[in-house]
Amino acid sequence: MAIRIIRKDDDEILRKVSKKVEVIDDRILTLLDDMKDTLYDAQGVGLAAPQIGVLRRVVVVDIGEGIIELINPVIVYENGEQVDEEGCLSLPGRSGIVKRPEKVIVRAMDREGKTFEMSGTELLARAFCHEVDHLNGVLYTDKMIRDTTDSSEE
Ligand SMILES: [Zn+2]
């Protein structure tokens with residue numbers, strides 16, 4: 001277990017498309033563990049593997065209800081919309097308003113290789129969408145309606 005360095009700002013790796021995980025080996029399990037440590041250390045709600053420099057389709061999310069590990073996640077259903085402020089561990093000190101679905105269902109594999117589906121609403125739906133975007137080299141700033149970086153009040 002280790003805390004990895006979070007890639008930030010204009011790091012090119014954040015713009016690359018991550019590869020599907022074909023085999024869940026020790027490297028992937030270590031990756032999941034390190035991502036969890038890194039997420040908690042940074043006090044974020046989600047982290048995607050490319051954010052620590054690994055171009056694999058692996059995501060961890062925790063909105064305060066325990067860690068959710070997603071291997072090869074795909075959003076298979078979305079409904080409604082929510083418009084709210086969003087930030088990213090790779091873009092520290094910045095924020096913006098982004099429109100996301102109100103509810104999504106994500107399909108992924110767990111660390112045992114079992115496929116499962118999980119639904120999320122509100123913040124969890126937002127986190128799933130944000131992290132899956134990272135796997136495709138997409139940042140929230142690509143989608144934001146308004147940059148709120150300088151309007152944050154004390
Ligand atoms: Zn992010």
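In listed order, ligands and their atoms are each counted from 1. No hydrogens, no waters, no symmetry mates; every other heavy atom, side chains included, goes into these values.
In this structure, Val61 and Leu124 have side chains that are in contact, with non-hydrogen atoms separated by less than 4.5 Å.
Closer than 2.8 Å to the Zn ion (ligand 1) sit the protein N, O or S atoms Cys88 SG, His130 NE2, His134 NE2.
In summary, the side chains of Ser95 and Thr148 do present a donor paired with an acceptor at a separation below 3.5 Å, with no hydrogens or angles considered.
Applying the side-chain hydrogen bond (donor to acceptor under 3.5 Å, both in side chains) test to residues at least two apart or on different chains, the pairs with a partner in residues 29-38 are Arg4-Asp34, Asp33-Arg111. The stretch residues 86-99 participates, sequence neighbours left out, in these salt bridge (charged side-chain N to carboxylate O under 4.0 Å, His left out) pairs: Glu81-Lys99, Glu86-Arg100, Glu86-Arg126. Contacts classified as salt bridge (charged side-chain N to carboxylate O under 4.0 Å, His left out) and involving residues 50-62 (residues at least two apart or in different chains) are not found.
In this structure, Arg27 places its CZ atom where only 12 or fewer heavy-atom neighbours from other residues, nucleotides or ligands lie under 6.0 Å away.
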